[in-house]
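Sequence lines set the chain letters: A, B, ... in the order given, protein chains first and strands last, and positions in each chain run from 1.
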Amino acid sequence: MSDAERRVERGGPYVGSPIIMATVRVVMPFVFTFGLFVMFHGADSSGGGFQGGVIVGTVVLMLGIAFGIEATRDWIGPRLPVALVGIGVLAFLFTGIGSVLLGAGFLEYAVYGDLGIPHPSKYGIEFVELAIGVIVAGIVTGLFFAIAAGTTGGESA
Amino acid sequence: MIDLLATRGYFLVAFLLMGVGTYMLIGSPNLIKKVIGMNVFQTGIFLFFITSAFVEGGSPPLLSAPPPYVSPLPHVLILTAIVVGVSLTAVALGLIVRIYDEYGSLRESEIREVAADE
Amino acid sequence: MSSLPALLVAAPLLGSVLALLAGLIRSNTGWPVALVTAAVQVVGAGVLAMRAFDSTVSYVVGGFTAPFGIELVVDGLSATIALLVAVVSLAVLAYSRAAGPRTNAFYAVYLLLVAGLTGMSITGDVFNMYVFLEITGLAAYALVASGEGGRSARAALKYLIVGTIGASLFLLGIGYAFIATGTLNMADLSTQLAAVGHTEPLVQAAFALLVVGLFVKVAVFPLHAWQPDAYAGSPDSVSALISALVSTVAAYALIRIVFTVFTVEFLQANPAARSLLVAGAVVSIVFGSVLAVSQTEIKRMLAYSSVSQFGLVVGAIAVANETALIGATIHLVGHAVMKGGLFLTAGLIATATGARTVDDYEGLIQRHPLGAGVFGLLALSMVGVPPAVGFVGKWYIALGAVEASSWPLAVVILLSTLLTLAYFARILERMFFRDASPHSSAIRTAPDGGVAVDGVSIGMIGVVVAAALAAVVLGTLAFEYGQLLEPTVQALLS
């Protein structure tokens, strides 16, 4: 029996407070929306991929603290954080490699205008910021579960 | 002296933070406090960078605000550096969890004793 | 293809993510992905090197023009280092198939390290160099921690904390340079710093911070304390990779910062700057060797040997003339091959016979003749026996020091050969001239910080023999290579 399960059985620090559970249940969608808002608004005001990604990752952390870390980890599954990180990095890399395939330099957004996308620089940067947000959210949740598990944490960043 | 504090006060505070961070790194026996000290040290550096970007009477670097703007380049540099710092802290904490599992203690002197026995 | 520099960094990143995602589907798929990526990387680095030795390749990322965007600049020196990174990572991959950790996460971090090292060697922008320095550092900390047991975790934590302080000092130096000039592009910085004035305290402070930050990463005495623990506590393939590449690319970064950003004029205007470099070099050479002599564990001894050898390179930077810089480059490449080969051989011997300390190596020539022979050959080339590459590098550096009339440095460089012989002679004598004692031949303990494995594979033996042969062959090719490098070095020094 792992440390975390023992803690949950003892009625440890993360489960059982009705106030936290009710608050998180109400607040969570708004925090998620705020995270997305911050992600989209990086170019025009404060925000961007990193900040928005951390806020979105915080949603899962809040769920873990309110409803029990083991239960949340079982719900998220062992593969989702890694898959999110992978998809995010691939999206970023293919945005860069795509512009090379279209004939211009690496990560040269302007060439996407030839495909018919209006304002290619602006939307290119937005897309990359979203990809970064996905990566950061995946990493924050994955790290939280890895460190909370105890013995399995610490192998790779 | 007061003149120095008035005009360069922010830089002095940044270096004070760096000093505090270094002292925590060296002086605390607890591993987690060392990592916190590393974070404070890096925060001092970030503060130094950002205060250097400030322009008297400048507005935030947004297109909707009037010029002159506060220089946005150090802001972006520090964003990257903050993310680097967060990753380092995450790796350090993961390593500390593993060290705790292996040696049973978070104090540097006790870990050294246990390690010398093995 | 004209986007080759950017793609050279993007390819190992892509490989790293694919290795990570492949791990979700099936385990033990990391090695094939890493092999394909490393092979592509070698081809790409080779093509880039051929282009770079013709004329310096300059590439702006994303089409944003030079002082505002990030520029990648590849001259002969950068291309050499990028090619070295690619080849050594492929070689250690061949070794680690049987020996090293086999998890997908390990190979994902391995490829991330390759991406970081390549990026650091081809960038022309100081902040980009900081970012890649940190990527390299993070990957290195994670790789050191991939061994089993608490020793790897402790070594990795020590490496992390000391390395972070070094990188933070580097960042602070970038901050000072940015405040002085307003630009981050290396070529632009050199003209702007000259305009601000090389004797301004701001510029001097920037130089000091950048150089000390890189001293931590190169492991110059007394900032080297992380290196013995990190090299000894990590698995064998990781020790070889990190010892061959990470400090080498950090030393390349030091050359780049001192000569491209702060030019030779800065060193001439500030004798204190030159003294800093000379002091670091002399102290590293002497104390690195002295500390190496007293070690009992082989890998720790090789780590202190690295401290001493990089002291030679820092000394060459301090001398700052053409011969010395050619010698520094040859020594960087040669040391990477020799030190990587030594660590791989030590790992091979440990896997085959369980020998990990100097006393265990008694009579090794009878128990494991191949391992003992290769170790002896690499040790002798490290000491500086002609025609191996260790001799050529030291010869050029010593010649440069004599040309520049810096006599203390020249004497210490010549002394370093004797000091290197001092610590390698103990092992050579034990291996070749003593009989295996009953204590040493009965050793079969599970290696510390490594993965206990059933046996020695052909890949392991092949790579080790190839490293030994390369050390000798590179020595014979080194004079031609020096001539090939001359235009690059002249451009660096002008």
Side-chain angles (χ1 to χ4, degrees), chain A residues 1-4 6-7 38-58 60-61 69 81-82 85 88-89 92 119 121-122 125-126 128-129 131-157, chain B residues 30-36 38-39 42-43 46-47 49-50 53-55 58-67 69-106 108 111 114-115:
Chain A
M1 182 163 32
S2 73
D3 265 349
R6 242 177 275 139
R7 267 204 302 273
V38 168
M39 258 197 248
F40 276 100
H41 278 253
D44 296 327
S45 68
S46 316
F50 301 128
Q51 298 89 314
V54 171
I55 296 177
V56 169
T58 311
V60 178
L61 268 62
I69 297 183
V82 179
V85 171
V89 181
F92 196 157
H119 299 296
S121 259
K122 174 174 164 215
I125 295 183
E126 287 279 354
V128 164
E129 292 279 339
I132 291 176
V134 167
I135 298 173
V136 176
I139 289 187
V140 167
T141 50
L143 271 176
F144 178 67
F145 289 133
I147 294 183
T151 48
T152 55
E155 270 208 1
S156 56
Chain B
N30 189 322
L31 287 179
I32 301 220
K33 288 188 184 168
K34 284 185 196 279
V35 173
I36 297 177
M38 188 175 87
N39 263 312
Q42 287 181 319
T43 306
F46 301 155
L47 188 63
F49 250 89
I50 297 177
F54 186 66
V55 170
S59 50
L62 306 170
L63 285 177
S64 46
Y69 300 112
V70 169
S71 167
L73 184 59
H75 295 192
V76 172
L77 301 182
I78 293 306
L79 268 178
T80 310
I82 289 177
V83 172
V84 167
V86 168
S87 323
L88 284 168
T89 308
V91 174
L93 288 176
L95 287 172
I96 290 178
V97 167
R98 197 166 133 195
I99 291 179
Y100 181 71
D101 273 330
E102 292 277 344
Y103 294 107
S105 162
L106 281 178
E108 186 200 330
I111 293 176
V114 177

Original post:
Going by residue number, which parts of residues 76-86 of chain B are within reach of chain A, meaning a heavy-atom gap below 4.5 Å?
Top reply: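 B:L79, B:V83 fall under the 4.5 Å cut-off.
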**OP:** Can you establish whether the number of heavy atoms outside B:F46 located under 6.0 Å from its atom CZ is more than 12?
**Re:**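 Check passes, neighbour count above 12.
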Original post:
Crowded around A:F40 CZ? As in, over 12 foreign heavy atoms under 6.0 Å?
Top reply: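 At most 12 heavy atoms, drawn from other residues, nucleotides or ligands, come within 6.0 Å of this atom.
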Subject >> Atom of B:A90, atom of A:I147 and distance for their closest heavy-atom approach >> reply: O-CD1, 4.2 Å
